[in-house]
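Inspection log for the structure reproduced underneath, given as structure tokens.
Residue numbers start from 1 in every chain, and the chains themselves are labelled A, B, ... in the order their sequence lines are given, proteins ahead of strands.
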Amino acid sequence: MPANSLEQVRNLCMRRGFVFPGSAVYGGVASFWDYGPLGVELLNNIKKAWWQDTIYTRNDMEGLDAAVLMSRKVWQHSGHEATFSDPLVDNKKNGKRYRLDHLLSQQTEEVLRGLLRRLVQLLKMPPELFETITRERIVSDISSLLTSSTLEAQIATKVGIPGARLDQPLSTTFSANDRAELIRALARAVDELPTKAEKLALVLGLQDQIGWQPVDQEPSLRIAGILSVRVAKYLLAAAKVVDPSDGSVGEWTDPRSFNLMFKSHVGPVEAAVGTEEEAHARVYLRPETAQGIFMNFAHVQRAMARKVPFGVAQIGKAFRNEITPGNFIFRTREFEQMEIEFFIKPPQFVKEGEKNDQQWHEEWVEQRFKWWLRYATSPSATLEERDATASRFRARAQTPDELAHYAKATTDIEYLFPGSLGWGEIEGVANRTDFDLSAHSKEVPEEDLKRLKLEANHDSTEKLDYFDPDAKARYIPWVIEPSAGATRAMLTFLCEAYHDEVVTEPTKQQIDQIKSDAAMIRKNAEKKIKEAQKELAAGREAKHDPAKVEAFLKLLDETVARLPESLTEVLTALDHEGAQNLEPVKKFRPPTEKLVEDCTRTVLRLHPALAPVKLAVFPLKKNKPELVELAQAIKERFQRHFRVVYDDSAGIGRLYRRQDEIGTPFCITVDFESLEDGTVTVRERDSMEQERVKIDDLPGYLSERLQLS
RNA sequence: GCGGGUGUAGCUCAGUGGUAGAGCAUCACGUUGCCAACGUGAUGGUCGUGGGUUCGAGUCCCAUCACCCGCUCCA
């Protein structure tokens, strides 16, 4: 059985140095994780496997590593700036979608006023706030804040609303100097207020008090900017915001904020967002690596003299300011992608017997699916285990309304993660047609622009087309994009490899002890259930929920009946919510936990190519210098080729278990016999079987079994 | 975003307003012949952070941060 909860995997990762919370010293920052000594090995191995399998073993692929920061124009023409940067709302009634500010600008004055009033009420803004906070107070309150970047960065993060766009420049009635001071003081004042509502209220109040106004005086813009993305849904409903297309009150969704791109600046810019200077210097951290490949399509094609079809692969970091990150490293704001852009003939040039875009798409889905299964499986897996692994992967075609703006079709490869996460996307194979290359090209024919719903690109200096000597025609190629998450791959392989195994049968006496303890728990719990029922019947609050306790007892009976093989499940049963506040359970837990620990091992049955450590070498006794010396010599013999560790800090059994937990495929023990006949014990991870192998034969023995290419 | 929960030693956790604890881990010494051995000793804490109540707060109150679960949303 692989991991049955993400929590198990999380624990192992933090305890054994795979993943640590980011910025932990300062309390942590949501959604950022650091990869520890073993995590970086695993991640590197995943990337290496992918790189070798997608580039080295094919004849039609090249590699690339493009810059993270690219011209802002890339994101303007790719469509990301428009669709990633403004809150959008849907009307559930008719499926129409609007930019929030556009929608509001079409409302009547009455509706807008109602919105503002409700916002004020919702935030419980104390009216005094507007009276006490004056310009003098603010300006005089300047001191320790460091130089600020932009209002948005300062205020929006402090107020704590991701959707807030309080980024318009201050009224021009202030001098540049005054403005900078004001920003600092404002940020400071916001800092001092105890609640989020008051912070927001302050910002709102200041707009009126000190003439801090958006450049654009449209009230709709201001409100749209101020609305928290999360409260907007209720406000829109309460204020009866109307759908301009039919004039009826809409059934609005939460606005989905697509401002997923992190902003930064090139050069020493400290200008406020919205100014020309800022706009000029602005860059985004890439939200996908794909555009770097499109930028270099023509370079790679010419430099490597490639003919379509061919592909370009890239591994790199991407950044998205996700609104709801979570599930450990599944959805993070900084992540790593492994992307292929595979360039093919447009449909009209495909000849008889050649693959069209649909067939290429299918082939890539199949290829990638095989890749996932290959590395999700340990070579020692039985047929049944392989089937079980395969059943946790699936390819699922996206429905039309799920498709991204650039895709004709996308097939997601998903993995069934443990616990509440469930099926999760680990790779998307998209048919992006000629959308991207056309979007970045000048002089694209009118009909193609129309087909792709693109505007003519007057910024581009190039046409990203290709002369096909075979078709004797010039065209902009189509693209199939298999795009996988490297960090999600790590989570996938960890979940699939995780196993808790019972390796030592508990004695009959120990099992009887558990059974009698369970009987005691039942006796006590039944009493509690009766008490609770009495309380509830009398209309009072009960300490226990009878139904939950009942469910717990049923689970406990069921697992205890299946001992000893259900040993680990008994422990899980004790964590059932119905077991809370039951005294005997508290007493019962520690000895059971101890027994489970003594009788089980945690093992990561990782594919050897992915294992962070390939080999561990131990001396049987650490106080015999000859053994230590030989063991270290063996370690040194392999350390140039792969990660190998030497350890003598515990008894031999414990050393084995430690390596099991991190998925080390082989352990070597050097004993006294080794000194005489030059053989060592090689112990295999999954079977725990041992074999005597000559030290001189180790290279061949290991390279065959580690499957390193 | 809403609701619920958690946060005490590196890890797992106990601690009912009155001197901060246990097991494991770590380190030292001794012992130890292949699957989580043992003995002795030692190290390790501003109890997530900031305020408040109190003679006194890990414990009560407020705020805040992080993580987990459920709902909502999203890819």
Side-chain angles (χ1 to χ4, degrees), chain A residues 5-7 10-12 14-17 20-33 88 90 158 160-163 191 193-199 228-234 253-258 260 287-288 320 322-328 330-331 398 402-404 407 410 412 414 419-421 424-426 428 430 483 485 488 503-504 577 580 586-587 589-591 593-594 596-603 618-624 627 649-661 667-673 680-683 685 688-690 692:
Chain A
S5 77
L6 259 191
E7 202 48 36
R10 238 178 84 88
N11 269 340
L12 179 70
M14 304 229 219
R15 211 175 56 239
R16 296 307 308 272
F20 305 119
S23 313
V25 167
Y26 293 104
V29 184
S31 179
F32 293 95
W33 301 88
L88 304 175
D90 290 323
K158 288 202 168 73
I161 24 174
D191 250 352
L193 292 173
T195 68
K196 194 183 279 188
E198 283 172 305
K199 288 176 184 180
S228 153
V229 166
R230 293 298 173 175
V231 298
K233 179 179 167 182
Y234 308 104
T253 63
D254 263 340
R256 292 172 300 140
S257 174
F258 273 101
L260 294 181
E288 62 170 27
R320 290 182 196 175
E322 297 280 358
I323 295 158
T324 51
N327 284 315
F328 193 34
F330 182 77
R331 178 174 285 117
Q398 281 191 4
E402 287 178 283
L403 288 176
T410 299
D412 284 342
E414 300 182 327
S420 61
L421 183 44
E425 178 191 340
I426 50 178
S483 167
R488 282 187 182 182
V503 286
T504 321
E577 56 178 343
Q580 279 165 11
K586 279 190 188 168
K587 242 175 25 195
R589 207 176 186 290
E593 197 171 349
K594 177 90 172 66
V596 169
E597 264 180 40
D598 288 349
C599 295
T600 60
R601 67 164 183 163
T602 298
V603 54
F618 317 132
L620 189 57
K621 286 170 69 110
K622 69 170 166 183
N623 56 358
K624 292 284 180 273
L627 295 184
S649 63
I652 200 78
R654 183 185 297 275
L655 294 179
Y656 284 148
R657 296 287 169 92
R658 268 187 206 162
Q659 296 302 321
D660 287 343
E661 212 179 14
C667 295
I668 288 177
T669 302
V670 175
D671 57 20
F672 294 103
E673 222 177 309
V680 289
T681 304
V682 180
R683 182 262 198 185
R685 178 191 69 201
M688 298 196 287
E689 271 164 15
Q690 306 191 2
R692 287 306 286 192

[X] side chain: which of [options] is closest?
| X | options | answer |
| --- | --- | --- |
| A/N11 | B/G33, B/A37, B/U12 | B/U12 |
| A/M688 | B/C69, B/C35, B/A36 | B/C35 |
| A/T681 | B/C68, B/C34, B/U32 | B/C34 |
| A/K621 | B/C34, B/G33, B/C24 | B/G33 |
| A/R657 | B/C34, B/A75, B/A36 | B/A36 |
| A/R683 | B/G33, B/C35, B/C74 | B/C35 |

Over how many whole Å does the gap from [X] atom [atom1] to [N] atom [atom2] extend?
| X | N | atom1 | atom2 | result |
| --- | --- | --- | --- | --- |
| A/F330 | B/C69 | CZ | P | 13 Å |
| A/R331 | B/C74 | CZ | P | 11 Å |
| A/R658 | B/C11 | CZ | P | 17 Å |

Atom CZ of A/R488 and atom CZ of A/F328: how far apart are they, to the nearest 0.5 Å?
->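 The CZ atom of A/R488 sits 14.0 Å away from the CZ atom of A/F328.
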
In whole Å, measure the gap between the [atom1] atoms of [N] and [M] for me.
| N | M | atom1 | result |
| --- | --- | --- | --- |
| B/U43 | B/A28 | P | 15 Å |
| B/U46 | B/G4 | C1' | 30 Å |
| B/A14 | B/G48 | P | 13 Å |
| B/C68 | B/G52 | P | 32 Å |
| B/U16 | B/C61 | P | 15 Å |

Mind checking if [X] touches a base, just sugar-phosphate, or nothing, with heavy atoms under 4.0 Å?
| X | value |
| --- | --- |
| A/R488 | nothing |
| A/I652 | sugar-phosphate |
| A/S31 | sugar-phosphate |

Give the intermediate values and the outcome of salt bridge (charged side-chain N to carboxylate O under 4.0 Å, His left out) for residues A/E661 and A/R658.
-> CA-CA 5 Å; A/E661 212 179 14; A/R658 268 187 206 162; over 6 Å; no

Kindly write out the residues that satisfy side chain to side chain contact (heavy atoms under 4.5 Å, CB included) with A/K622, not counting sequence neighbours, or none if the list is empty.
->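 With neighbours one apart ignored, the set is A/D648.
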
Name the pairing partner of B/U6, where a pair is Watson-Crick or G-U wobble with both distances under 3.5 Å, or state none.
->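 Its partner is B/A66.
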
